[in-house]
Amino acid sequence: MSEAGLPVAPYLAPMWLRGGHAQTIYPVLLTHPAVAYRRERVETPDGDFWDLDWVDPASVAPAAAPAVPTVVLFHGLEGNSGSQYARALMARIGALGWRGVIPHFRGCGGEPNRRPRAYHSGDHEEIGAMLAAVRARVDDQRSGAPFYAVGVSLGGSALLNWIGRAGRDAASVLTAAAAVSTPLDLTMAGIAIGQGFNRIYAWHFLWTLRPKSLAMAQRFPGLLDPERVRGVRSMHDFDEVVTAPLHGFDGTEDYWRRGSSKPWLRNVAVPTLVINARNDPFIPAASLPDAGEVSADVLLEQPPGGGHAGFVSGPFPGNVGWLPRRLVQFLTTGR
């Protein structure tokens with residue numbers, strides 16, 4: 001059996017790291033592998049750009065790269081190619097000799113974008129356009145090399161939105177997919193992140209979201225209300241003042257309803273793994289689907305521990321190697 005196909009045991013949180021908050025925060029503090037990315041700026045159809053960070057097959061010039069699997073990773077809210085889960089997965093991809101790429105959502109690549117647009121959990125059109133842009137740059141598809149997609153948190157929500165809406169057409173693009181720590185029901189997740197200790201996570205996101213939104217309001221006068229942006233104190237506020245007006249939603253509740261990926265899981269027609277820890281601090285276990293709410297092509301994996309995009313394993317100080325191994329196993333075997 002190849003390295004990519006080695007069996008991976010079901011996730012079990014280590015005894016020395018207890019609770020969803022600890023399992024969410026601790027992984028960020030670990031030392032993570034350095035990844036040598038090749039950045040490519042891609043012009044979008046509307047005159048903006050995406051920054052793509054590539055992991056090329058080892059010791060091969062991009063133009064002469066062999067026919068190997070490609071893994072596209074869509075990052076989470078205010079994430080990027082330096083996020084701990086991104087570096088862990090891309091290091092694994094590189095070790096296997098595969099190709100990986102992380103398309104940055106607009107505004108997450110390190111500098112402001114040109115158009116009055118950001119990104120959101122239901123951004124299926126952006127996912128479809130990014131996948132098309134990546135495929136156009138990967139000649140392997142003519143030889144039938146596998147083409148995979150993984151989404152983490154917000155990236156998983158947007159990816160599942162696209163897969164579900166595309167239905168059987170998604171199989172002409174993707175071989176298999178996975179979503180990790182995805183807020184499948186945005187209403188329940190949105191309420192949860194505004195309660196108790198979870199507000200720490202909301203403040204963390206708003207630390208960068210507020211300044212970016214104020215800068216956008218300055219670049220595009222009349223688009224957003226700067227005073228309302230300055231007054232944002234919760235993710236509900238942010239979605240009401242920024243996400244909804246930027247992307248055509250009628251307020252937060254409309255965005256949360258229309259942007260949720262859970263209703264689309266019945267339409268998924270490519271092998272798709274959906275991993276959610278049942279102790280994720282801001283994705284309530286009650287919001288997670290059961291097998292009767294998804295298509296036969298969806299494999300639900302809901303371990304009792306793991307936190308949000310954490311999944312630390314091993315003896316202290318632990319590592320985050322379980323998730324990349326599990327993802328690779330599913331992508332290559334479908335189980």
Hydrophobic cluster membership, W207 vs W203, 4.5 Å side-chain cutoff: no
Under 3.5 Å donor-acceptor, D53 side chain and S81 backbone: no
Lys/Arg N to Asp/Glu carboxylate O, E43 vs R114, below 4.0 Å: yes
Non-hydrogen side-chain atoms of L265 and P289 separated by less than 4.5 Å: yes
Backbone of G109 reached by a side-chain donor or acceptor of R39 within 3.5 Å: yes
Under 3.5 Å donor-acceptor, N161 side chain and W264 backbone: no
Test item: F311 and P27 side chains (from C-beta on) under 4.5 Å apart, heavy atoms: no
Main-chain N/O of D237 paired to S234 side chain as donor or acceptor, under 3.5 Å: yes
R106 and E126: CA distance, side-chain angles, deciding distance, side chain to side chain contact (heavy atoms under 4.5 Å, CB included) verdict: CA-CA 10 Å; R106 304 196 200 200; E126 192 84 334; 2.7 Å; yes
Heavy-atom closest pair, residues H104 and C108: CD2-O, 3.4 Å
Main-chain N/O of K262 paired to S260 side chain as donor or acceptor, under 3.5 Å: no
Contacts of A118 that satisfy side chain to side chain contact (heavy atoms under 4.5 Å, CB included) - sequence neighbours left out: L246, H247
E111 and R41 ion-paired at < 4.0 Å: yes
Main-chain N/O of A176 paired with Y148 side-chain donor or acceptor, under 3.5 Å: no
Ring centroid separation W16 to Y26 under 6.0 Å: yes
Main-chain N/O of A158 paired with S121 side-chain donor or acceptor, under 3.5 Å: no
Interatomic spacing from CG in L209 to NZ in K212 - rounded to 0.5 Å: 6.5 Å
Whether S287 side chain and I283 backbone form a donor-acceptor pair below 3.5 Å: no
Side-chain touch F74/I102, heavy atoms, less than 4.5 angstrom: no
Exercise: identify the closest heavy-atom pair between A202 and I193: CB-O, 4.0 Å
Criterion side chain to side chain contact (heavy atoms under 4.5 Å, CB included) on E40 and R38, from CA distance to verdict: CA-CA 7 Å; E40 178 185 10; R38 171 178 60 87; 4.3 Å; yes
Co-membership, hydrophobic cluster, residues V298 and I127, 4.5 Å side-chain: yes
In one Ile/Leu/Val/Met/Phe/Trp/Tyr side-chain cluster, 4.5 Å: L186, L184: no
Straight-line distance of D239 CG to D254 CG, nearest 0.5 Å: 11.5 Å
pair W98-V328: side-chain heavy atoms closer than 4.5 Å: yes
CZ on F238 to OG1 on T243, rounded to 0.5 Å: 4.5 Å
Reference residue R117; test side-chain hydrogen bond (donor to acceptor under 3.5 Å, both in side chains); the match among T44, D48, D46, D123: D123
Polar side chain donor-acceptor pair, Y11 to Q302, under 3.5 angstrom: no
Working for side chain to side chain donor-acceptor pair (under 3.5 Å), residues W162 and E125: CA-CA 7 Å; W162 179 82; E125 293 179 346; over 6 Å; no
Interatomic distance, L29 atom CG to Q84 atom CD [nearest 0.5 angstrom]: 10.0 Å
Connected via hydrophobic side-chain network under 4.5 Å: F205 and L224: yes
For the student: nearest non-hydrogen atoms of G47 and R115, plus distance: C-CG, 4.2 Å
Backbone of G292 reached by a side-chain donor or acceptor of D290 within 3.5 Å: yes
Check: L12 and W322 side chains under 4.5 Å, non-hydrogen atoms: no
Joint cluster assignment, V101 & I163, ILVMFWY side-chain distance < 4.5 Å: yes
Any I191 side-chain heavy atom under 4.5 Å of Q195 side chain: yes
Row check, F249 ring normal vs R258 NZ/CZ: under 6.0 Å, within 45°: no
E301 (side chain) donor-acceptor with I275 (main chain) under 3.5 angstrom: no
Check: R266/S295 side-chain N/O donor and acceptor closer than 3.5 Å: no
Side-chain touch V55/Y37, heavy atoms, less than 4.5 angstrom: yes
Least distance between heavy atoms, A309 atom then S181 atom: N-OG, 2.8 Å
Within the 6.0 Å centroid threshold, strictly below: Y201 and H21: yes
Side chain proximity check, V134 to L52, heavy atoms < 4.5 angstrom: yes
Straight-line distance of L174 CG to L131 CG, nearest 0.5 Å: 5.5 Å
Smallest separation among heavy atoms of V320 and A88, with atom names: CG2-CB, 3.9 Å
From T272 atom OG1 to L159 atom CG, the distance as rounded to the nearest 0.5 Å: 7.5 Å
Within 6.0 angstrom of D250 CG, more than 12 heavy atoms from elsewhere: no
Which atom of P45 lies closest to which atom of W50, heavy atoms considered: CD-CH2, 4.5 Å
CA sep, side-chain torsions, deciding dist, call: V180, L323, side chain to side chain contact (heavy atoms under 4.5 Å, CB included): CA-CA 9 Å; V180 179; L323 182 59; 3.9 Å; yes
Side chain to side chain contact (heavy atoms under 4.5 Å, CB included) between Y119 and L154, worked out: CA-CA 9 Å; Y119 63 105; L154 177 147; 3.7 Å; yes
Crowding at CD, Q218 (>12 non-hydrogen neighbours, <6.0 Å): no
Side-chain donor-acceptor contact under 3.5 Å, H308 with D280: yes
